[in-house]
There are 2 protein chains.
Amino acid sequence: MITEPSARKASAADVARAAGVSMQTVSRVARGLDNVQPATATRVREAMAELGYSPNRAARALRSGRFHTIGVIMFTLSSYGNAKFLEAIAEAASDAGYTITLLPVSHRTQGDVTGAFARLSEQAVDGIVIVIEADLLSESNVELPADLPVVIIDSSRQSERPFIDTDQALGARLATEHLLDLGHETVWHVAGPSGYYAARRREAAWRETLEAHGRVVPEPFRGDWSTESGYAAGREIARRADITAVFAGNDGMALGVLRAAHEAGRAVPASLSVVGFDDMTEAESFWPPLTTIRQSFDSVGRSAIALLLGEIAHAPRPEDVIVPTELVVRGSTAEAPGR
Amino acid sequence: MITEPSARKASAADVARAAGVSMQTVSRVARGLDNVQPATATRVREAMAELGYSPNRAARALRSGRFHTIGVIMFTLSSYGNAKFLEAIAEAASDAGYTITLLPVSHRTQGDVTGAFARLSEQAVDGIVIVIEADLLSESNVELPADLPVVIIDSSRQSERPFIDTDQALGARLATEHLLDLGHETVWHVAGPSGYYAARRREAAWRETLEAHGRVVPEPFRGDWSTESGYAAGREIARRADITAVFAGNDGMALGVLRAAHEAGRAVPASLSVVGFDDMTEAESFWPPLTTIRQSFDSVGRSAIALLLGEIAHAPRPEDVIVPTELVVRGSTAEAPGR
DNA sequence: CTCCGAGATGTTGACGTAAACATCTGCGAG
DNA sequence: CTCGCAGATGTTTACGTCAACATCTCGGAG
């Protein structure tokens with residue numbers, strides 16, 4: 001009977017012994033360097049396959065100081081945008097040979113955010129992508145490790161860090177002007193939570209667009225991105241016959257407005273026009289299908305990784321990236337009533 | 001002028017020197033062992049804070065053979081369920097001091113799945129959670145590393161692996177019986193893709209329930225979980241006056257059916273009742289608000305981690321876990337017309 | 001006063017890899 | 001025919017931590 005091979009995984013040394021070469025040659029073959037004789041390389045590869053060898057990442061990381069891993073910090077995956085961001089980030093990272101490590105922050109308290117950064121410092125990552133409410137970030141007085149590259153999504157333009165974002169202002173302007181073009185007197189807004197730069201920028205651009213057209217700027221409703229908060233605003237909106245056009249800060253809140261309108265018997269779009277923001281997958285199937293602003297979470301996510309990898313490689317600070325947005329007209333908007 | 005400290009991160013040796021103790025004592029303090037004199041421990045902790053020391057995970061992993069990391073393999077985060085699973089998994093893992101590494105499989109080809117597993121073997125993980133179409137998994141002829149614990153979500157009950165799932169059968173039965181109780185002659189079904197055990201089990205239970213009640217079992221529509229596929233089925237359904245009750249395999253397809261019904265002027269629920277599955281966040285805000293089956297992605301995700309951690313610790317194979325489902329009645333179902 | 005044990009602390013080496021440096025081979029120029 | 005160089009391959013060592021073992025100190029029992 002043959003003695004059972006040890007349960008330990010094969011190491012480079014084992015492969016070297018089996019192939020009759022040195023560990024160093026094994027290492028060279030494993031990394032695909034070309035200064036190895038083809039015949040030798042083949043022999044080594046056969047031995048690797050035979051023994052089921054794969055390099056130990058911990059040892060590799062220890063030796064090289066590189067983990068080939070990127071940490072991602074976010075609050076929740078429940079929001080459409082965050083899930084999309086993560087998906088794009090993971091794919092872009094994977095394409096570059098990097099792996100994503102998820103650092104969830106369950107509770108939106110400052111203490112929890114602080115804790116996440118503390119845990120972060122002992123993570124084995126080469127860089128970090130942060131997708132989080134900007135305010136909580138600045139409130140939490142933890143400094144990010146100075147030597148670790150960081151890219152923040154949903155941040156204001158700052159001098160130190162590369163900037164990457166959807167063109168929030170363009171989107172909000174397109175939405176507002178679309179409604180004005182349809183003859184509405186003015187446009188009401190269901191804003192996202194003020195802790196988000198995205199919400200603030202959309203609101204500001206909506207305001208500026210109304211002002212530029214000389215319209216009254218009504219007091220915005222304040223939501224928290226959730227359909228419930230959109231519904232709450234929608235009940236108020238549906239009651240008021242003077243409101244004929246609403247721009248919601250995201251599709252979820254727009255859906256809440258639609259529901260409130262249906263319940264109140266307020267016809268959309270005949271009596272009330274609604275525009276969302278995001279173009280989430282389901283938006284096309286809402287009733288009526290939602291007119292909205294399409295943004296490319298994918299591009300932003302991929303750019304974030306590109307930027308981060310650049311920083312990791314000590315590339316010079318790149319140009320800021322602004323990903324354009326686009327108006328998608330569907331069935332939830334129409335000419336102002338009585339016109 | 002003081003010479004700039006080296007850019008390298010402080011190591012245990014640096015802390016030891018600063019605190020005037022040995023590396024081993026530093027290690028003991030870092031791990032919170034109690035066999036260190038309080039005074040010494042304090043001195044070491046001060047030095048750690050001073051130097052900004054945190055243990056190097058790569059070295060720790062190399063030494064101990066444990067990475068405190070769990071790999072998660074999934075196709076997409078775009079589906080509500082997957083995002084929810086990942087969130088629950090990440091949180092449960094984090095609570096247990098583990099970190100999640102994401103291994104995305106972008107294309108649903110067998111080759112890509114195979115590639116993911118190949119890459120996986122060189123990952124630094126202690127265990128794996130797989131959330132993927134069961135068929136693709138069995139087709140891909142890669143064996144999972146035998147020594148690596150694996151938990152599969154959406155798998156059939158097998159003898160070798162612990163089993164964990166939502167009670168799909170209960171949910172499908174509740175949905176079907178709810179519609180029968182409302183007086184509908186029979187219930188049509190928009191099934192999910194047959195590659196998913198979840199889809200197959202829901203379909204089978206729907207079929208069994210109809211048979212148990214002595215009803216005709218119509219040919220099911222076949223979708224792919226997407227709202228578009230639900231919409232396609234819905235257009236056919238809306239055309240046919242004989243169909244008065246539909247059970248869709250998930251909420252997204254139910255939304256597609258709702259849209260098709262609206263477009264065709266088919267009143268929901270007066271003329272057509274619709275039930276979904278999942279109870280996604282937006283379901284309550286659909287028009288009409290969707291009657292659906294609530295399942296706890298959270299419980300399943302957390303159980304998956306609990307099971308995996310058990311396997312990692314070589315605990316005995318635990319009981320199978322079946323998480324119950326629940327009928328949530330909202331506005332999309334009503335008594336059969338003409339009754 | 002001596003010895004012993006318990007608890008605190010120190011020393012050594014190994015984990016698997018890759019960088020730096022060393023050696024070896026063969027071939028062509030002079 | 002010798003030398004030197006280029007390319008292939010081997011040897012040594014360090015990365016940071018932790019387990020195992022060694023040592024040291026101190027107090028109490030005999």
Side-chain angles (χ1 to χ4, degrees), chain A residues 6-45 47-48 51-69 97 121-126 145 147, chain B residues 6-45 47-48 51-69 97 121-126 145 147:
Chain A
S6 97
R8 243 185 58 258
K9 270 194 70 172
S11 77
D14 301 325
V15 176
R17 208 172 311 117
V21 298
S22 75
M23 266 176 50
Q24 186 55 215
T25 301
V26 174
S27 169
R28 285 193 262 255
V29 172
R31 283 177 294 155
L33 304 187
D34 56 354
N35 53 348
V36 177
Q37 201 122 42
T40 311
T42 305
R43 198 148 37 89
V44 170
R45 262 187 281 270
M48 291 208 261
L51 298 173
Y53 168 78
S54 68
N56 178 314
R57 273 176 68 109
R60 196 172 257 190
L62 175 60
R63 187 61 245 255
S64 66
R66 284 294 180 76
F67 301 96
H68 283 271
T69 296
S121 68
E122 57 185 78
Q123 286 304 324
V125 297
D126 300 319
D147 47 341
Chain B
S6 99
R8 243 184 58 260
K9 270 194 69 172
S11 77
D14 300 327
V15 176
R17 206 171 313 115
V21 298
S22 75
M23 268 176 48
Q24 186 54 219
T25 300
V26 174
S27 170
R28 284 194 262 254
V29 172
R31 284 176 295 155
L33 304 187
D34 56 353
N35 53 349
V36 176
Q37 200 124 43
T40 311
T42 304
R43 197 146 38 88
V44 170
R45 262 189 280 271
M48 292 210 266
L51 298 173
Y53 167 79
S54 68
N56 178 316
R57 272 174 72 107
R60 194 172 258 188
L62 176 60
R63 185 66 246 261
S64 67
R66 283 295 181 74
F67 302 96
H68 283 272
T69 295
S121 68
E122 57 184 77
Q123 286 303 326
V125 298
D126 301 319
D147 47 340

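All heavy atoms count here, side chains included; hydrogens, waters and symmetry mates do not. Order of the sequence lines sets the chain letters (A, B, ...), proteins ahead of strands, with each chain counted from 1.
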### Query
Would you call Gln37(A) and Arg43(A) a side-chain contact if the rule is heavy atoms closer than 4.5 Å?
no

### Query
Atom CZ of Arg66(A) and atom P of dA18(C): how far apart are they, to the nearest Å?
14 Å

### Task
Considering just the side-chain nitrogens and oxygens of Arg60(B), establish if one lies under 4.0 Å of OP1 or OP2 belonging to dG16(D).
no

### Query
For the pair made of CZ in Arg43(B) and C1' in dG10(C), what is the distance, rounded to whole Å?
14 Å

#### Entry: Euclidean distance, atom CD of residue Gln24(A) to atom P of dT23(C) [Å, nearest integer]
16 Å

### Query
On DNA chain C, nearest-nucleotide positions of Met23(A) versus Arg28(B): which is more 5'?
Arg28(B)

### Nearest-nucleotide 5' precedence on DNA chain C, Leu62(B) against Gly20(B)
Gly20(B)

### Task
For Leu33(A) and dG7(D), give me the distance from atom CG to atom P, rounded to whole Å.
15 Å

### Query
Looking at side-chain heavy atoms only, is the closest gap between Ser27(B) and Met23(B) below 4.5 Å?
no

#### Entry: Spacing between Asn56(B) atom CG and dC18(D) atom C1', to the nearest angstrom
13 Å

### Message
Can you see if the side chain of Ser27(A) gets near the phosphate of dA18(C) - specifically, an N or O under 4.0 Å from OP1 or OP2?
### Response
yes

### Query
Under 4.0 angstrom, heavy atoms only, what part of the nucleic acid is Gln37(A) near: base, sugar-phosphate, or nothing?
sugar-phosphate

#### Entry: Ser64(B) vs dT17(D): side-chain N/O to OP1/OP2 distance below 4.0 Å
no

#### Entry: Sugar-phosphate only, base, or nothing, as touched by Thr25(A) at under 4.0 Å among non-hydrogen atoms
sugar-phosphate

### Task
Would you confirm whether Asp126(B), through its side chain, and Arg66(B), through its main-chain N or O, come within 3.5 Å as a donor-acceptor pair?
no

### Task
Using a heavy-atom cut-off of under 4.0 Å over every strand shown, decide if Arg31(A) touches base, sugar-phosphate, or nothing.
sugar-phosphate

### Query
How many Å lie between CZ on Arg63(B) and P on dT17(C), as a whole number?
16 Å

### Message
Rounding to an integer number of Å, can you tell me how far Asn35(B) CG sits from dA20(D) C1'?
### Response
14 Å

### Task
Would you indicate, yes or no, if dG10(D) has its OP1 or OP2 atom less than 4.0 angstrom from a side-chain nitrogen or oxygen of Ser22(A)?
yes

